[in-house]
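Have a look at the structure below, then the notes.
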Amino acid sequence: MGETHSEKRTAGVNLELIPMSEEMKKEMTEAYRSAEVNSSHYEADEGEGPDNFRPYDQRQDFFVSVSKKAFLDAEHPAAVIDSVVEKLDLKEVYEDYAREGNPSYHPKMMLKVLFYAYYCGVMSCRTIWDQVINRADFIYLAAGQVPNFRTINSFRLRHLERLPGLFTQIVYLCGSLGLIGFEHLAIDGQKIEANASFRRSKNLKQVKKEYEKTKKGLEKLLGEEINEAVPAEKKDTRKKRLEKQLKELESFQKELEELEDEDARVNMTDRDAKVMRHKDGSSTPGYTHQSAVDDAYGVVTAVQTTDGNDSAEDLLPLVDQSKGNCGEGHEAVTADCGFCDYPVLEEVERRREEDFYIPDRRYEKDKKKEQKKGRYGPKDFFELEGRGYCCPAGRQMEYKGICTVNEQQMHHYIGIGCEGCEQKNRCTEGKKRHLYINIREPYRKKMREKLSSDEGRKMYMKRQGTVEPVHGDDQKNKGWIQHHLRGLDKASGEFLLIRIATNLGKIVKFSTAELLAMAPG
């Protein structure tokens, strides 16, 4: 007997998601045969058109064939991410699971769903759950299984400590695919709002005031008589709410007292989130996320999360992390003025592996400050070759030796003949002008000369075009403008998921064919 039309259509299709028993296959074949018999007697209603339509009957039971070939193209992003996860070493992830008890969802499946969700800009566990139910690409990655939002969130939190290792593996994979050029590494940070309200950031004085106010409110409530306006049920609900609020404020007050700083502001919702000034001028609790981006294809090679602003102390750890993740360092490194100070300038001068381009912000601040006052700043004093400094009036200043100012070692100079100088009003309000020059000023001077050169300007101009698009993709395309998780550790893990998705996007866009041609991991 020859093959039926339905048997030919399903022949060779590898059903990967819904295993079917022989009985189910038999029933399915009978259903198709019945449909074909019915189609021979099918007649279109008058006025509906020709009678060569395929059978259509919503009352008939039917089966849905779920397979990779039916759901996705070979180069679909979900198929690419599926292939990436298959190449990862998940030994450490598996170690978190016991052999006893109720079987868990397979970590490989959960990682595929989670990574693909962040790639698509879906970061809410409830929304991911909805996608696993309704979207073909998610259904394929989940192999027809449906972990609910609590399971997805628990998995995400459970493996936060494993994410740095997975990120490193993906960076190394990007390198093996030729997506890292090792010529220019651009470093920058972005601030993302915490999952907490600004109004919940309070200092000790504010908490004490709110505690007393809440306490008086509770006392007043307890003194009210039960009547039609204040029924017993409503009074009891308000009483429980105020008692809970008092207990929370009391506990929070003890935490602030342990800090021994009455002006310190801590957020009651997210203790680690500090109030930060954002680009739009708003001040809200948030975290700073720093990225080191290779300029060849925009692959992120190193990441770091802090609860403060960009700091010079963050620069070299990011550079070293990038080198460790890639297995090789970059020729040039650029960063903005937030990552610059004298100790960093001294350190990068000693490093020979990379060529750094980092402007300092103190020069610009001093320049604006002195221009505003209309007075002479350090830039107006001329350095004499090996003989100290000369004031704007042309007099050589007296060298007084090395002193400590704000924990920095400085060369100290004092003006000569300041009393009768015609330019004294523009120079100083004291009897004599004092000039302090950091002993590491030659390092800053050398960096400024490098940045002022044609090569330096050209290199530094690349920085913004390399790292800023990554931030734009986060906030504009993926919609990541506020955290979903609370606490520094969880915020750091959330950022790692974002950056894993960034690098997966680079593989999808530039190296799909190369990845699929690679041998299985």
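None of the values given here were measured: they were computed from a predicted structure.
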I'd like to know if [X] pairs up with [Y] as an ion pair, taking the criterion as any Lys NZ or Arg NE/NH1/NH2 lying under 4.0 Å from an Asp or Glu carboxylate oxygen.
X: Arg350; Y: Glu347; answer: yes
X: Glu419; Y: Arg395; answer: no
X: Lys323; Y: Glu354; answer: no
X: Glu210; Y: Lys213; answer: no
X: Lys490; Y: Asp272; answer: no
X: Glu86; Y: Lys108; answer: yes
X: Arg200; Y: Asp270; answer: no

Check [X] against [Y] and note the closest heavy-atom contact, atom names and distance.
X: Arg499; Y: Ser291; result: NE-OG, 2.9 Å
X: Cys326; Y: Val171; result: SG-CG1, 3.9 Å
X: Leu318; Y: Val303; result: CD2-C, 3.8 Å
X: His483; Y: Ala491; result: CE1-CB, 3.6 Å
X: Cys403; Y: His412; result: SG-CB, 4.0 Å
X: Pro359; Y: Cys340; result: O-CB, 3.3 Å

Distance under 6.0 Å and angle within 45° of ring axis: Lys478 vs Tyr118: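 No, Lys478 does not lie over the aromatic ring of Tyr118.
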Supply the atom-to-atom distance [X] [atom1] to [Y] [atom2], rounded to the nearest 0.5 angstrom.
X: Arg277; Y: Lys191; atom1: CZ; atom2: NZ; value: 9.5 Å
X: Phe115; Y: Cys120; atom1: CZ; atom2: SG; value: 13.5 Å
X: Ile358; Y: Leu315; atom1: CD1; atom2: CG; value: 4.5 Å
X: His278; Y: Ser283; atom1: NE2; atom2: OG; value: 7.5 Å
X: Leu435; Y: Met410; atom1: CG; atom2: CE; value: 10.0 Å
X: Ser511; Y: Leu173; atom1: OG; atom2: CG; value: 8.5 Å

Contacts of Asp188 that satisfy salt bridge (charged side-chain N to carboxylate O under 4.0 Å, His left out) - sequence neighbours left out: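 Partners of Asp188 under the salt bridge (charged side-chain N to carboxylate O under 4.0 Å, His left out) test: Arg463.
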Side chains of Arg150 and Asn153, donor plus acceptor under 3.5 Å: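 There is no such pair between these side chains.
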Pair Gln169, Asp89: side-chain N/O donor-acceptor within cut-off below 3.5 Å: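 Side chains of Gln169 and Asp89: no pair found under 3.5 Å.
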Aromatic ring proximity, centroids under 6.0 angstrom, Tyr389 and Tyr413: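 Yes.
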Proximity of Tyr97 and His159 rings by center, below 6.0 Å: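 Ring centroids of Tyr97 and His159 are less than 6.0 Å from each other.
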Derivation of the side chain to side chain donor-acceptor pair (under 3.5 Å) call for Gln423 and Tyr376: CA-CA 9 Å; Gln423 302 184 49; Tyr376 294 127; 2.3 Å; yes
Any donor-acceptor N/O pair, Gln206 side chain to Asn203 backbone, under 3.5 Å: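 Yes, Gln206 side chain to Asn203 backbone: donor-acceptor pair under 3.5 Å.
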N/O donor-acceptor pair under 3.5 Å between Asp380 side chain and Gly377 backbone: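 At least one qualifying donor-acceptor pair exists.
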Glu243 and its side-chain hydrogen bond (donor to acceptor under 3.5 Å, both in side chains) partner, picked from Lys240, Gln245, Lys239: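 Checked Lys240, Gln245, Lys239 against Glu243; only one passes side-chain hydrogen bond (donor to acceptor under 3.5 Å, both in side chains): Lys239.
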Reference residue His330; test side-chain hydrogen bond (donor to acceptor under 3.5 Å, both in side chains); the match among Asp295, Asp294, Asp355: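 Filter result, single survivor: Asp294.
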